[in-house]
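The structure appears right after this line, and notes come after that.
FYI, side chains are in, hydrogens and waters are out, and symmetry mates aren't considered; it's all heavy atoms of this structure.
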Amino acid sequence: MLLKWRRWRRGRPFWGGLVTVAAGVEIAVIPLAPMKVMLHQGVAGAASVLLGAVLIVLGLSAWFTPHYRTLTGILTAMIAAAALVLSNLGGFLIGTVAGLIGGGLVFGWQPGTAPAPETPHPNPPSVQEEA
């Protein structure tokens, strides 16, 4: 079971998707918080929830469709940058920074190749003993 999980996790941009989902949750939750200190939300509240939901979907798509990682990474960075302006400074900057990092991790991920099996050296070097 653990081996299947590791194989699944390594076959996709897991950490980038996780950071992107966390950024989306952080941006979407702030306007829904029951704090009286928050500013009057209005349209910014709807934009925050919408941008957060889009980031969550992009993070999940990085996990389940890793062949679209380039598009997903670019869109994640763009949405996170837009959240800076459209929703409470992008979740008080934490969501925007996390979204940019997640987008960079997704964009920069490359699928791993299996290591080549080691072949024995035809003439192994001899170990010289000092006398």
Side-chain angles (χ1 to χ4, degrees):
M1 180 74 161
L2 187 60
L3 186 61
K4 286 182 181 180
W5 165 251
R6 285 184 182 170
R7 190 176 305 128
W8 182 85
R9 189 186 69 201
R10 290 181 180 162
R12 59 204 72 248
F14 178 77
W15 296 110
L18 183 67
V19 172
T20 301
V21 168
V25 168
E26 203 275 331
I27 288 173
V29 161
I30 286 181
L32 301 176
M35 293 189 284
K36 301 296 180 190
V37 181
M38 298 293 291
L39 299 172
H40 178 69
Q41 290 297 320
V43 177
S48 296
V49 173
L50 181 65
L51 291 173
V54 169
L55 282 174
I56 291 170
V57 168
L58 286 171
L60 293 175
S61 71
W63 284 348
F64 297 112
T65 56
H67 50 279
Y68 292 125
R69 66 186 178 277
T70 304
L71 177 65
T72 303
I74 291 172
L75 287 176
T76 299
M78 289 174 61
I79 297 294
L84 182 66
V85 177
L86 296 175
S87 69
N88 297 324
L89 289 174
F92 299 125
L93 292 177
I94 297 169
T96 294
V97 170
L100 290 173
I101 290 170
L105 287 171
V106 170
F107 182 78
W109 178 81
Q110 292 292 320
T113 58
E118 284 191 29
T119 57
H121 197 280
N123 297 323
S126 61
V127 177
Q128 296 179 354
E129 295 181 18
E130 292 184 29

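- Side-chain contact between L86 and L51: present, with at least one pair of heavy atoms (C-beta onward) separated by less than 4.5 Å.
- For the atom pair CZ of F92 and CD1 of I27, the computed distance is 11.5 Å after rounding to the nearest 0.5 Å.
- Between W5 and R9 the shortest side-chain heavy-atom distance falls below 4.5 Å.
- If you take CD1 on I74 and CG on L58, they are separated by 11.5 Å, rounding to the nearest 0.5 Å.
- Rounding to the nearest 0.5 Å places OG of S87 at 8.0 Å from CD1 of I30.
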Donor-acceptor pairs under 3.5 Å, side chain of residues 62-70 to any protein atom, not counting sequence neighbours: which ones?
from, atom 1, to, atom 2, distance (Å)
W63, NE1, F14, O, 2.9
T65, OG1, S61, O, 2.6
R69, NE, W109, O, 3.0

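- One finds the OG1 atom of T76 at 8.5 Å from the CG atom of L71 (value rounded to the nearest 0.5 Å).
- When the options V21, I94, L55 are evaluated for a side-chain contact (heavy atoms from CB on, under 4.5 Å) with E26, the one that passes is I94.
- Side-chain contact between V54 and L75: absent, with no pair of heavy atoms (C-beta onward) separated by less than 4.5 Å.
- To the nearest 0.5 Å, atom OG1 of residue T20 and atom CG of residue L105 are 7.5 Å apart.
- V19 and V97 fall within a single hydrophobic cluster, where Ile, Leu, Val, Met, Phe, Trp and Tyr side chains are chained together by heavy-atom contacts under 4.5 Å.
- Listed here is the closest heavy atom pair of G16 and V106: C-CG2, 3.5 Å.
- Clustering ILVMFWY residues whenever any of their side-chain heavy atoms sit less than 4.5 angstrom apart, transitively, puts L2 in the very cluster that holds W8.
- Both L18 and V29 are assigned to one and the same hydrophobic cluster, defined by single-linkage of ILVMFWY side chains at heavy-atom distances under 4.5 Å.
- Evaluation of the side-chain contact (heavy atoms from CB on, under 4.5 Å) rule for A80 yields L100 as partners, not counting sequence neighbours.
- Contact record, A28 with G52: CB-CA, 3.9 Å, taken as the closest heavy-atom pair.
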